[in-house]
Trainee: 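Sharing a structure, written as structure tokens. Questions coming.
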Amino acid sequence: MTERDYLWWQTGIVYQVYPRSYQDANGDGVGDLEGIESRLDYLKWLGLDAVWVSPCFKSPMKDFGYDVADYRDIDPLFGTMADLDSLLEATHARGMKLILDYVPNHTSDQHPWFVESRSSRDNPKRDWYIWKDARPDGSPPNNWLANFGGIGWEWDEHTQQFYYHAFLVEQPDLNWRNPEVQTAMIDVLRFWLDKGVDGFRVDVMNHLIKDAEFRDNPLNPRWKPGDHPYRRLVPTYSADRPEVHDIVAKMRTLFNEYDERVIIGEIYLPIDRLVAYYGQHNNEAHLPFNFQLISRHWDARVIAAAIDKYEAALPSGAWPNWVLGNHDRSRVATRIGRSQACVAAMLLLSLRGTPTMYQGDELGMEDVAIPAGKVQDPPGLTIGEGRDPERTPMQWDTSPNAGFTKAAEPWLPVDEDYAKVNVEVEREDPASVLNLYKALIELRRSELALTIGHYRPVPAEGDILTYIRDHEGQRIFAALNFGGQPQTITLDAEHYGSIALSTSLDRKGEKVAGQLQLRADEGVLVRLD
Ligand code: GLC
């Protein structure tokens, strides 16, 4: 097998752009499509294959674009359809792919479908959303909660029924059991695929279908006061229902009409439930996002076990993937510290399967504490679980606002560390996080063992994680130190070779035989003899 036997989304690296915070071209303090286009050369330089842009569609922005009011138009804040066409063309001209974000579980309450649906009980679109009577005592139909706090049901005074919203009140859930909804929403995908978009990341894919009987969710015995209020219940009946797989398979059938387009599913589930989204016959998502590097405790033994479990659980023919960060979770450099974030980068880019990285992580950007008056994210305001800290503007250079905007004030504050942590400065620093990412990406690209090779765990103890990637005799040995103490590894003779890359970027070519010394927080990739 050669690289040509694989598809771009298998051999490639995906980079997530959160459009509000990437680059502001029109000076309003919010990023836009023209801004993203102006930075494509940077992404190309870094060596990426695909850019996934979080929602840029028409939206009242209650959830910053994850509340869509028109799936077929661009929000003026981000630009125009012409800007999107231009971004698509410019991405393709550089040999890269463009992935958009599809939000099928819910619309904005301003979407014309919902405006109609709530207008009267006999409106033809009434059943496009999830409407239920109150219980005899006037209380909501069941105990389901909203992910951003509070209950999942909103009373509509005008038509005297509740509607269900898994997220904000302004994000009513579509009724995917209705065939008209299915047709309309599949048509949305067709519209963009016909335009030449290379794929979609599908928002909360496992939420689309709810229990037909709307049974109460069970209490979560592990929940304690102070935990996220949504976790008080186990979402047994409101998400991950068996029938959701038919819907995802329908999406896949459409994708199969086109060449090499990719469906990525945003799914936070335990591994055995997650891999079901590949489909029983590999007929669902190409890549159900694997968030274990985000969710698991950063410990060599925990991560080693998670990798093994995931590799073992993958159905035959399924292609793995790994995600290190996104716009919903604390940044990796904050979660585990900047030094370990470099080890995590090496892990992400040397594991088997498509890596997805989040903008700014390649610089070592950290979460930014948002002053009380500047909090934007609704769950930040209501339940103190805001996602603003990981969404602050990308840091490009040392100019005001890190080169993100010419406006006096960006929509979220720029991190104070921007004079040091930015693209311009890090490009010139041979030991920067950015240059580590660039070297890792180059190595992954040039070594077939890393791009498409097998994964074989090598037993290790304590803070050390070791494994081999191999492809037709070419072998790379990875040794990662998850701890803050230097470590010595005694090598089997079959693991002698020379260092291809260290997270410190200074040991290239060093011969390793007998013993391998790892510094504190260091990872190395060794090309075996
Ligand atoms: C997904 C998105 C998140 C959004 C939510 C509701 O989890 O990643 O940002 O708020 O769905 O659409």
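For clarity, every value in this text was computed on a predicted model and none was experimentally measured.
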Trainee: Are a donor atom and an acceptor atom from the side chains of Tyr129 and His111 found within less than 3.5 Å of each other?
Mentor: no
Trainee: Under the salt bridge (Lys or Arg N to Asp or Glu O under 4.0 Å) definition, can you give me all pairs with a residue in residues 10-23, not counting sequence neighbours?
Mentor: none
Trainee: Step by step, would you call Asp367 with Ser330 a side chain to side chain donor-acceptor pair (under 3.5 Å)?
Mentor: CA-CA 6 Å; Asp367 289 355; Ser330 178; 2.6 Å; yes
Trainee: With distance as the sole criterion, is a donor-acceptor pair present between the side chains of Thr354 and Trp9 under 3.5 Å?
Mentor: no
Trainee: Looking at Leu77 and Met61, what are the two nearest heavy atoms and their distance?
Mentor: CD2-CE, 4.3 Å
Trainee: Show me the pairs that pass salt bridge (Lys or Arg N to Asp or Glu O under 4.0 Å) and involve residues 59-71, at least two apart or across chains.
Mentor: Asp63-Arg387
Trainee: Of all heavy-atom pairs between Asn147 and His207, which one has the smallest distance, and what is that distance?
Mentor: ND2-CE1, 3.8 Å
Trainee: I'd like to know if the side chain of Asn175 pairs up with that of Asp127 as donor and acceptor (distance under 3.5 Å, no hydrogens or angles considered).
Mentor: yes
Trainee: Ignoring hydrogens and geometry beyond distance, is a side-chain donor-acceptor pair present between Ser54 and Tyr66 at under 3.5 Å?
Mentor: yes
Trainee: Less than 4.0 angstrom from a charged side-chain N to a carboxylate O is my criterion; do Asp85 and Lys195 meet it?
Mentor: yes
Trainee: With sequence neighbours left out, write down each residue that passes side chain to side chain donor-acceptor pair (under 3.5 Å) with Asp240, or none if nothing qualifies.
Mentor: Arg273, Tyr277
Trainee: What closest approach, in Å, do Val414 and Ala402 show between heavy atoms, and which atom pair accounts for it?
Mentor: CG1-CB, 3.8 Å
Trainee: Name all pairs fulfilling the salt bridge (Lys or Arg N to Asp or Glu O under 4.0 Å) condition that reach into residues 141-161, sequence neighbours left out, sorted by first residue then second.
Mentor: Arg118-Asp156
Trainee: For Gly196 and His92, which heavy atoms make the closest approach, and how far apart are they?
Mentor: O-CE1, 3.3 Å
Trainee: Could Arg391 and Asp328 be called an ion pair, given the rule that one side-chain N must be under 4.0 Å from one carboxylate O?
Mentor: yes
Trainee: Compute whether any side-chain donor of one residue and acceptor of the other, for Asn217 and Ser238, lie under 3.5 angstrom apart.
Mentor: yes
Trainee: Name all residues meeting the ring-ring contact (aromatic ring centres under 6.0 Å, His included) criterion together with Tyr268; count only those two or more places apart in sequence or in a different chain, and write none if there are none.
Mentor: Phe291
Trainee: Tell me, which pairs form a salt bridge (Lys or Arg N to Asp or Glu O under 4.0 Å) where one or both residues lie in residues 44-54, sequence neighbours left out?
Mentor: Asp49-Arg445
Trainee: Give me the atom names and distance for the closest heavy-atom approach of Gly353 to Arg444.
Mentor: O-NH2, 2.8 Å
Trainee: Verify whether one side chain among Trp396 and Gln23 offers a donor that lies under 3.5 Å from an acceptor in the other.
Mentor: yes
Trainee: Would Thr392 and Asp415 count as having a side-chain donor-acceptor pair, cut-off 3.5 Å?
Mentor: no
Trainee: Can a side-chain donor-acceptor contact be found between Gln359 and Ser21 if the only test is distance below 3.5 angstrom?
Mentor: no
Trainee: May I ask you to check whether Asp361 and Tyr437 show a side-chain donor-acceptor distance below 3.5 Å?
Mentor: no
Trainee: First locate atom CG of Asp75, then atom SG of Cys56, and finally report the distance between them rounded to the nearest 0.5 Å.
Mentor: 9.0 Å
Trainee: Do we see a donor-acceptor contact under 3.5 Å between the side chains of Glu362 and Tyr42?
Mentor: yes
Trainee: State whether a side-chain donor-acceptor pair under 3.5 Å links Asn178 with Glu180.
Mentor: no
Trainee: Among Val14, Leu351, Asn290, which one satisfies side-chain contact (heavy atoms from CB on, under 4.5 Å) with Asn321?
Mentor: Asn290
Trainee: Just so I know, are the side chains of Phe64 and Gln376 near enough to count as touching, which here means a heavy-atom distance under 4.5 Å?
Mentor: yes
Trainee: Donor-acceptor pair, Asp216 side chain versus Asn143 backbone, under 3.5 Å?
Mentor: yes
Trainee: Measuring only between side-chain heavy atoms, which start at C-beta, is Phe200 closer than 4.5 Å to Ile263?
Mentor: no
Trainee: Would a 4.5 Å heavy-atom cut-off, applied to side chains only, mark Ile441 and Ile13 as touching?
Mentor: yes
Trainee: Checking Lys210 now: which residues fulfil salt bridge (charged side-chain N to carboxylate O under 4.0 Å, His left out) with it, not counting sequence neighbours?
Mentor: Asp173
Trainee: In chain order, what residues pass the salt bridge (charged side-chain N to carboxylate O under 4.0 Å, His left out) check against Glu385, with sequence neighbours excluded?
Mentor: none
Trainee: Got Leu324 and Met357 here, is their nearest side-chain heavy-atom distance under 4.5 Å?
Mentor: no
Trainee: Salt-bridged, Glu266 to Arg201, with N to O below 4.0 Å?
Mentor: yes
Trainee: Who passes ring-ring contact (aromatic ring centres under 6.0 Å, His included) against Trp131, sequence neighbours left out?
Mentor: Phe114, Tyr163
Trainee: Could you tell me which residues satisfy salt bridge (charged side-chain N to carboxylate O under 4.0 Å, His left out) with Asp194, sequence neighbours excluded, listed by chain and number?
Mentor: none
Trainee: Give me the ring orientation class for Phe289 and Trp52: parallel if the planes are under 30° apart, tilted from 30 to 60°, perpendicular past 60°.
Mentor: tilted
Trainee: Ignoring hydrogens and angles, tell me if any N or O in the side chain of Arg261 forms a donor-acceptor pair with the backbone of Asp259 under 3.5 Å.
Mentor: yes
Trainee: Just jot down the side-chain contact (heavy atoms from CB on, under 4.5 Å) partners of Ala276, sequence neighbours excluded, or say none.
Mentor: His245
Trainee: Would Trp176 and Asn105 count as having a side-chain donor-acceptor pair, cut-off 3.5 Å?
Mentor: no
Trainee: Would you please name every residue forming a salt bridge (charged side-chain N to carboxylate O under 4.0 Å, His left out) with Arg135, sequence neighbours left out?
Mentor: none
Trainee: So which atom in Leu434 and which in Val423 form the shortest heavy-atom distance, rounded to 0.1 Å?
Mentor: CD2-O, 3.8 Å
